[in-house]
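Report on the structure given below.
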Amino acid sequence: TPSTSANSFGTGKWSDSNGALIVDGLDTLTYPQSGNISNSAGTVSFWVKPNGYDEATPVDKFWLDTRDTTPDQGFSIKMDATNDDVTFAGNDSTNAWSISSAGIDWTANTYYHIAATYDCSQSAGSDSVILYINGASAASDAAETCASWTLPTNFYLNADYAGANQGDSFIDDLRAYNEVLTADQV
């Protein structure tokens with residue numbers, strides 16, 4: 001069961017009223033990782049409609065963060081407002097990695113499908129991470145190391161692990177898989 005603080009709901013990607021979670025910068029949502037997400041291989045996907053994006057004053061917007069009280073274990077997906085891209089980043093106690101899409105021309109009131117896959121079951125230095133936007137591979141790296149991840153108790157939606165850098169976005173159809181989906185499955 002997720003834990004929320006002052007969240008509300010709005011029209012989702014599929015035009016269902018109250019189908020999308022709105023986290024407007026003052027809200028938080030945490031969700032237990034146990035049984036929902038794996039530290040060795042998996043896929044996370046969701047639809048997102050950013051609110052209030054302002055190129056004049058860019059601020060990173062975290063949409064998902066699996067890190068907990070210390071930022072050195074887990075992964076995150078965020079809008080990197082400086083470069084108008086989406087970044088999928090991870091780290092463990094000794095390694096850090098980051099892949100980013102090319103700049104995106106964000107359109108107001110538009111949903112984007114974000115998916116990220118990771119396979120940490122390979123030998124060190126040969127793991128695979130892929131970021132998809134609207135079903136197309138936007139960035140990948142086949143030489144990342146994430147084998148020693150220890151994921152914390154919760155993952156956070158529309159904010160980073162400290163409750164800062166809120167996504168101020170609509171989130172719909174969040175899915176977490178304990179397996180790596182193929183490009184066709186994404």
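This one's a predicted model, so the numbers in the text were calculated from it and none came from an experiment.
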**Q.** Side chain proximity check, Tyr177 to Ser45, heavy atoms < 4.5 angstrom
**A.** yes
Q | Student check: side-chain heavy atoms of Asp172 and Val48 closer than 4.5 Å | A | no
Q | Heavy-atom check, side chain of Asp80 versus side chain of Val86, under 4.5 Å | A | no
Q) For the atom pair OG (Ser140) and CZ (Phe88), what is the distance rounded to the nearest 0.5 Å? A) 11.5 Å
Q | Ser137 side, atom OG; Tyr132 side, atom OH - distance, nearest 0.5 Å | A | 5.5 Å
Q. Applying the 4.5 Å side-chain criterion to the ILVMFWY set and letting contacts propagate, would Ile104 and Phe62 be lumped into a single cluster?
A. no
(Q) So, taking the atom named NZ in Lys61 and the one named OG in Ser169, what distance separates them when rounded to the nearest 0.5 Å? (A) 5.0 Å
Q: Compare every heavy atom of Leu181 with every heavy atom of Val186, then report the nearest pair and how far apart it is.
A: CG2-CB, 4.1 Å
Q. Side-chain contact, heavy-atom cut-off 4.5 Å: Pro50 with Phe170?
A. no
Q | Heavy-atom donor-acceptor pair, Thr117 side chain to Val180 backbone, under 3.5 Å | A | no
Q. Residues in side-chain hydrogen bond (donor to acceptor under 3.5 Å, both in side chains) with Gln185, at least two apart?
A. Thr182
Q: Working to the nearest 0.5 Å, report the span between CD1 of Ile114 and CG of Asn134.
A: 7.0 Å
Q: Classify the ring geometry between Phe46 and Trp63 as parallel (under 30°), tilted (30 to 60°) or perpendicular (over 60°).
A: perpendicular
Q.
If you compare all heavy atoms of Leu131 against all heavy atoms of Ser101, which two are closest, and at what distance to 0.1 Å?
A. CD2-N, 4.0 Å
Q) For Tyr118, which of Val129, Ile130, Thr43 qualifies under side chain to side chain contact (heavy atoms under 4.5 Å, CB included)? A) Val129
Q: Taking all heavy atoms of Gly135 and all of His113, pick out the closest pair and write down the distance.
A: N-ND1, 4.5 Å
(Q) How close do Ser100 and Thr87 get, counting heavy atoms only, and between which atoms? (A) OG-OG1, 2.8 Å
Q | Separation between CG of Asp160 and CG of Leu64, rounded to the nearest 0.5 Å | A | 11.5 Å
Q) Between Asp85 and Ala102, which heavy-atom pair has the shortest distance, and what is it? A) CB-O, 3.8 Å
Q: Identify the two heavy atoms, one from Tyr112 and one from Thr107, that lie closest to each other, and give their separation to 0.1 Å.
A: OH-N, 2.7 Å
